[in-house]
Amino acid sequence: MESFEHYIPTKLYFGKGSISHLEESLNTYGKRVLLSYGGGSIKKIGLYDEVMKILNEGGFTVVECAGVEPNPRIETVERGSKLCKEHNIDVILSVGGGSTLDCSKAIAVGAYYKGDDYWQMVLDSRGTSKALPLIDILTLAATGSEFDGGGVISNMALNKKIGRSFTFPQVSICDPTYTYSVSAYQTAAGSADIMSHIMEGYFSRTDDSDLSEAIQEGVLKSVIKNLPIALKEPTNYSARANLMWNSSIACSGIPEYGKLDTYWPCHAMEHELSAYYDITHGVGLAILTPRWLEYILAKDPTITPRLAKFARNVWGLQGDDEAALAKQGIQALHDFFKSNGIPMTLTEVNINEEHFQAMAESACSHDRLQRAYVPLTVEDVKKIYQMCL
Ligand code: NZQ
Ligand code: ZN
């Protein structure tokens, strides 16, 4: 078992009605609030009105940063940061999915940024810069941004999508009822993202971190159980609640404690797809993951026992033929995504070979993929993209 460090300073209020903690949480930091949100879903579900009532009755001054995009853009980080400076903001209240939360984390750092080049600020961010306090209300179970310090920002002009450490939320309010309105597509994509956060670390060379393995398999089994229920019954509290808690745990780092770093190859490959084609993150991961597993199994058959374990412990498959089980587990993963309505080829999401070379080079531009569970070269990544067509 490897050494690890645990640090998650976020206070998480989970459950129906946990918005009751909003006012006291904000009051800890001040009265001038930047309210950030996305394209309007929070208005449709009445959450905007609920939040504004609390803010108005609590005597807060509110400045809005609306319209945060899925795959949030650097331009919005700049806009929000300038609003914070201009209005002397005390605390950011971010209401939405991972994109809104991520953008708000970068804005929290941007509020103190002295330079003009906010993209450079993102590139340089290591989670150590001064940042405004951030409180969030989560509306989509997917990224785990509510329980980590990371954020992913896109610069479409440069075809770059970059993940960096910014700041942890001080408080995250996680009420599963706010996710009742999430579309089937985003519910499935978010669940694929949760599963990917687990699988990226599950396929590791460490075999003796028992608790982490149990958490990983537990999260996967919980998503496999609850996603179809949430799709069939969008207002099923138990299903939505389980997906939401899985979201927070999956990307927190906890499931990988004691395991060797795997460098998250599918995320590196997916961020290129989003950077070039602005696709939904979880869909890109769902398309890539079974092909990546198939590819690395062929490249390095020594990983067969771990894939067979995945087939047995996660999918409940049985048999003595480890090689056959390994393949059946990958197929089960693919079929699960497909049966939950995720388009399972790049062609279906209008991506062709045109940028494969550039995307593969960019994915390999740092040494992370060389150190991945099974190391990947530019040629490997290109072949994996091709398998996804
Ligand atoms: O913009 P609005 O109108 O709010 O609509 C959003 C958006 O269109 C909608 N939505 C959110 N909550 C809803 C809702 N619709 C109805 N009812 C609700 N309650 O869903 C759409 C997608 O939202 P988005 O925030 O983009 O989704 P997600 O939470 O999946 O976030 C994706 C972003 O997070 C990054 C991804 O790369 C991507 O940019 N990631 C962040 C991570 C982190 N911070 O640790 C890790 C992840 O691996 C990931 O890379
Ligand atoms: Zn992800």
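One-based numbering, in listed order, for ligands and for the atoms of each.
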> With a cut-off of 6.0 Å (strictly less than), are more than 12 heavy atoms of other residues, nucleotides or ligands near CG of Asp367?
Replying inline: yes
>> Tell me if the CG atom of Asn352 is crowded by more than 12 foreign heavy atoms within 6.0 Å.
In response: yes
Would you please say whether a donor-acceptor pair under 3.5 Å links the side chains of [X] and [Y]?
X	Y	answer
Gln170	Ser25	no
Glu348	Thr345	yes
Asp380	Tyr295	yes

>> Tell me which pairs pass salt bridge (charged side-chain N to carboxylate O under 4.0 Å, His left out) where either residue lies in residues 321-341, with sequence neighbours left out.
In response: Arg312-Glu322
> Partners of Glu213 by side chain to side chain contact (heavy atoms under 4.5 Å, CB included), sequence neighbours excluded?
Replying inline: Tyr202, Gln216, Glu217, Lys259, Arg306, Lys309
So what's ligand 1 close to, N/O to N/O, under 3.5 Å?
from: ligand 1; atom 1: 1 (O); to: Gly39; atom 2: N; distance (Å): 2.7
from: ligand 1; atom 1: 3 (O); to: Gly39; atom 2: N; distance (Å): 3.1
from: ligand 1; atom 1: 3 (O); to: Gly40; atom 2: N; distance (Å): 3.0
from: ligand 1; atom 1: 3 (O); to: Ser41; atom 2: N; distance (Å): 2.9
from: ligand 1; atom 1: 4 (O); to: Ser41; atom 2: OG; distance (Å): 2.7
from: ligand 1; atom 1: 12 (N); to: Thr139; atom 2: O; distance (Å): 3.4
from: ligand 1; atom 1: 12 (N); to: Thr139; atom 2: OG1; distance (Å): 2.8
from: ligand 1; atom 1: 17 (N); to: Ser181; atom 2: OG; distance (Å): 2.7
from: ligand 1; atom 1: 19 (N); to: Thr139; atom 2: O; distance (Å): 3.0
from: ligand 1; atom 1: 19 (N); to: Tyr178; atom 2: O; distance (Å): 2.8
from: ligand 1; atom 1: 19 (N); to: Ser181; atom 2: OG; distance (Å): 3.3
from: ligand 1; atom 1: 25 (O); to: Gly98; atom 2: N; distance (Å): 3.2
from: ligand 1; atom 1: 25 (O); to: Ser99; atom 2: N; distance (Å): 2.9
from: ligand 1; atom 1: 25 (O); to: Ser99; atom 2: OG; distance (Å): 3.4
from: ligand 1; atom 1: 26 (O); to: Ser99; atom 2: OG; distance (Å): 2.5
from: ligand 1; atom 1: 29 (O); to: Gly98; atom 2: N; distance (Å): 2.7
from: ligand 1; atom 1: 31 (O); to: Ser99; atom 2: N; distance (Å): 3.4
from: ligand 1; atom 1: 37 (O); to: Lys161; atom 2: NZ; distance (Å): 2.8
from: ligand 1; atom 1: 39 (O); to: Asn71; atom 2: OD1; distance (Å): 3.2
from: ligand 1; atom 1: 44 (N); to: Asp102; atom 2: OD1; distance (Å): 2.8
from: ligand 1; atom 1: 44 (N); to: Asp102; atom 2: OD2; distance (Å): 3.4
from: ligand 1; atom 1: 44 (N); to: Ser145; atom 2: OG; distance (Å): 3.4
from: ligand 1; atom 1: 44 (N); to: Gly150; atom 2: O; distance (Å): 3.1
from: ligand 1; atom 1: 45 (O); to: Asp148; atom 2: OD2; distance (Å): 2.6
from: ligand 1; atom 1: 48 (O); to: His197; atom 2: NE2; distance (Å): 2.8
from: ligand 1; atom 1: 48 (O); to: His267; atom 2: NE2; distance (Å): 2.9
from: ligand 1; atom 1: 48 (O); to: His281; atom 2: NE2; distance (Å): 3.0
from: ligand 1; atom 1: 50 (O); to: His271; atom 2: NE2; distance (Å): 3.2
from: ligand 1; atom 1: 50 (O); to: His281; atom 2: NE2; distance (Å): 3.3

>> I want to verify a count. Protein N, O or S atoms less than 2.8 Å away from the Zn ion (ligand 2), how many are there?
In response: 4
>> Between Arg205 and Asp300 (salt bridge meaning N to carboxylate O under 4.0 Å), is one present in this structure?
In response: yes
>> Do the side chains of Asp148 and Lys105 get close enough for a salt bridge, i.e. N-O under 4.0 angstrom?
In response: yes
